[in-house]
Every structure is written in C-alpha cells, then in structure tokens.
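Encoded as structure tokens, the structure appears first; notes follow it.
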Amino acid sequence: MAGQGPKQPSTQYHHHVAALAFPFGTHAGPLLSLVLRLAAAAPDTIFSFITTSKANSSLFSPTSKASAFLNVKTYDVPDGLPEGLVPSGHPEQAIGFFLKAAPANFRSAMKEAEADSGLKIGCLVTDAFFWFAGDIAEEMKLPWVPLWTAGPRSLLVHAATDLIRQRVLGTDEKTLEFLPGFSKLEVADLPEGVVSGNLESPISSLLHKMGQQLPKAAAVAINSLEEAEPDVVNELKSRFRKFLNVGPFNLTSPSPPLLKDDSGCLEWLDKHKPASVVYISFGSVVRPPPHELAAFAEALIESAFPFIWSFRGNPDDILPKGCDKSSLNGKLVSWAPQVQILEHAAVGVFVTHCGWNSTLESIVGGVPMIGRPFFGDQILNMRTVETVWGIGVGIEGGVLTKHGAIKALELILRGKAGNEMREKIKVLKNLAQSAVEGDGSSSKAFNCLVDIATNHEEV
Ligand SMILES: *[C@@H]1O[C@H](CO)[C@@H](O)[C@H](O)[C@H]1NC(C)=O
Ligand SMILES: *[C@@H]1O[C@H](CO)[C@@H](O)[C@H](O)[C@H]1NC(C)=O
Ligand SMILES: *[C@@H]1O[C@H](CO)[C@@H](O)[C@H](O)[C@H]1NC(C)=O
C-alpha cells in the first residue's frame, strides 16, 4: 500500500521478539513501556506485542506513543470466556478463564506473528505471571525474560514460598530472619496466599508456580533499581540466572509533557510553602471503605493541613454533613497529575496504598509516605518504607482513623521525623537517578536485556 512502506516488515528486521502481556489490572502498561524501550534500542528487531483486544485498544490508541513505533506490531488473543457466560463480576473468574486458554492462544498468535514477519521468534518477553511461558520457551528453545512489575521484596517472597511455608506453616515462627533482607519484617507482613488465607486460590497458585519457574528464565527483569534493596537483590541474583533491575521505569521512559491539569493542581501548589501539602491517592484499583475516607476527611478538616485529594466518587459521600466545600483548605479532584504533584516542592507527604508504582514515584519525588495498604504486596511495600528505608509510616492500627491520621500527618509535616525522612528519601532518589544514567546499574542491566532480546548473548 502506498505510504505504508515502513510499516511493512522487511529485510530491515533481523530479530523477532514476542511480548506476552497480562491483560488485567495495570500489568500490560509496564510491559509495554519495557518493550518500547527495547524497540527504540533495537531498531533491527521486530516486536510482536500480544494481549487481548481490550488491553490492546487501551494501550495502542492512535495518539499513543506506542502506535508510532514501526517495529512494534500488535496481535490479539481471546479473553477465554466461554460463550454466553454471565460474568460473576469477580475479577478472579475472568483471570481464571483467561489463563486456562492462554498457553494455546499465545502459541497460535506467535505462529501468526512468525508467518507475518517471516522471522522466527528469538526471544520471549512476558509478564512474570505467565509461568507457563517458561515451558513454551523451553519447547521453542528460546530465552525467556519474565518481567515482575512490583518490587524485589515481593518477588523474593514468591520465589521462596516453598522455603517460607516449610519454616512457618505448623510452627509458631513469627519472624522472617531466615530470608536475606527480611530481619525487620514479620510473617504477618506477608501477602495473603503465602502462609495465610487460601493457599490454593488461582492467584496464590499462579504466584507459587511462578516462583518455582523463574529460575529457568534467561533473565528476570524488574521495575526497580539494585541499590534500593541490596540484600534482597543479592539473594534474587543467587536464585536466578540473571536478575536485571531496569527501573525505575518512571525515570527511564519519562512520560510526555503534561497535557492537562484541568483542576489547576500545580498552580495551586505554587502558592504553598515547601513540604506543607498533603497529597492523597489510593491508586486506580483500591477503593478504601467510606467510613475510613470519612475519618480521613475529618482529620484533614480538623488539622487544617492544605491538601490535594485524588478522589473517585462523590466527595459529599465522605465529607461531614453540611460541610461547605469552599471552606476546605484543599482540593478534591477526580484526576490529578500524580507524578508532577509528587515532584512539586510544596508536597510534604503522600497518603498512599503503597502500590509499587506509587512507592517508586514518591521516592523519585522525594516525598515521605503514610501507608494504608490493602492487599498483595502493599503491606510489604509499606513495611519496607517504614522499617527498612525509614521514609514513611504505616497508619496506626492498619486502618484510617481520625486520630491515627492526625498523628501521622503531624509527625511528618511538623516533626523532626519528617525532615529525617526527607533526608533519607533524598539518598534513595539520588541512587535512582544515578542508576538510570549512562553507566548506572539500571542502564547496564538494560543493555544486557537488549543483548538477550537480540540474541547477542549466549543463554
Ligand atoms: C506504573 O508505571 C508504569 C511505567 O511508568 C506504567 O506503565 C503503569 O501503567 C503504572 N501502573 C500503575 C498501577 O499506575
Ligand atoms: C490494537 O489497538 C489499536 C488501536 O485501537 C488498533 O489500531 C489495532 O488494530 C489493534 N490491534 C489488534 C491486533 O487488535
Ligand atoms: C509514572 O507512572 C505513572 C503511573 O503510575 C504514569 O501515569 C506517569 O506518566 C509516569 N511518569 C513518568 C515520568 O514516566
């Protein structure tokens, strides 16, 4: 077709990488950002990005950065839902059906991609959740590179699940001292499904199998930096053939300049003193219970600290009855430019669910955290922030109360402790910035990944 020349794969491509993305939650985005970085670094390589059409269409909108890459092609796999099924609304159901059909579906999409490009796939980059990709890669004699989108500490927990269960189940062991880097953490901090809760739920068994398969991978990649958790990283390096810390992605693939700040958050922040404003966001997945949000709103009103709250829903549901919104010393907004807010000098504390991204963004922004974790790796992240790095605190009692919130806000915004946290976070922030520089650890790890993807490395 005229004008479409460069879109056609041609002899300009010498290598072919397939990327298999987990289409649920916010998993596919980080895999895509890694693939785009690889695609920019290896222009002679074609990347086939395979996921469901739903996930694809949200990532590859015509105006997205991704759709501008000539060497990234998309392929769909079915979502695996039986025809006529009435969804239960429970996300684990959809995940279960997807995973059951995934190995066969991915195999056939990969055949299609090989036929289209005329190039055999030479490397398989996948979400780490796809433990079965280890078998596919073995069969096809390919290097497998799983990407873990959370932090190294949760990764070690899943890699060491057999050991943890052996040491903890049926005993009264409460510490995790037998795991390198875990001397300050406790059994109670572990994600559910490791030694507590349902050990056989679809997600628990997926993570368990993943942990068992990862040592097969040519390299395990992660959105983190080596220097953040050296003990944990060294242990993972000893367990995996290669452990490549290629993050923080937020620094390695900066997002395009901010297009909108409709609610004027940044301008509003400009009017505030350094380290004085509370920024609150619980991410896009978690919805804290209304009574906790109401308690936190009361804490903000009573303490009168200025705030920006990124809040989905109707603010009237959480504000005290009859509260005049114009009298608030802050802003409740339905969307906020989080990264830019965290990088603004006026922000003094981030109230967060401690998802891995938010934690990294807070570090990059130099802002101490108040953690209210909910599930998965969030408690581990919060405990790392609190006890390992000393750059924040968990909310007292684990749930948001007016008293606990005021205490934590005062500690960080008024106390000496807050300043000490800011000093410690600055050290981490500088480590993150050095890691992504030309000869930094994350850049070196990324170069190694490029070599694996383009088969320049014996695996
Ligand atoms: C985390 O950050 C990555 C890279 O910056 C992004 O692609 C992804 O969507 C983010 N995930 C969440 C949960 O916001
Ligand atoms: C992925 O989404 C983009 C944008 O909606 C679309 O142009 C493209 O055809 C889609 N690819 C597949 C394989 O569905
Ligand atoms: C960092 O990640 C967030 C998602 O949590 C994303 O919205 C943002 O654009 C990223 N920022 C940079 C600088 O890459």
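All ligand and atom numbering here is 1-based and tracks the order in the structure. Values in this document were obtained by computation on a predicted structure and should not be read as measured data. Only heavy atoms go into these numbers, but all of them, side chains included; no hydrogens, no water, no symmetry mates.
Counting atoms of ligand 2 from 1 in the listed order, those under 4.0 Å from a heavy atom of T74 are 10 (C), 11 (N), 12 (C), 13 (C).
Under the 4.0 Å distance rule, the nearest protein heavy atom to atom 14 (O) of ligand 2 falls inside the cut-off. Under the 4.0 Å distance rule, the nearest protein heavy atom to atom 11 (N) of ligand 2 falls inside the cut-off.
Compare F60, F49, Y75 by their heavy atoms: the one nearest to atom 5 (O) of ligand 2 is in F60.
Polar contact with ligand 2: present for D76 (N/O pair, distance under 3.5 Å).
Residue S204 comes nearest to L199 through the heavy atom pair CB-O, 3.4 Å, listed as atom of the first residue, atom of the second, then distance. Shortest non-hydrogen contact noted between F249 and S33 is CD2-OG, 3.5 Å.
Classification of the F129-H27 ring pair by plane angle, with boundaries at 30° and 60°, yields tilted.
None of T384, I425, T359 except one satisfies the side-chain contact (heavy atoms from CB on, under 4.5 Å) rule with I391; the exception is I425.
N56 ND2, 4.2 Å is the protein heavy atom nearest to atom 6 (C) of ligand 2.
Heavy-atom neighbours of E139 CD from other residues, nucleotides or ligands within 6.0 Å: above the threshold of 12.
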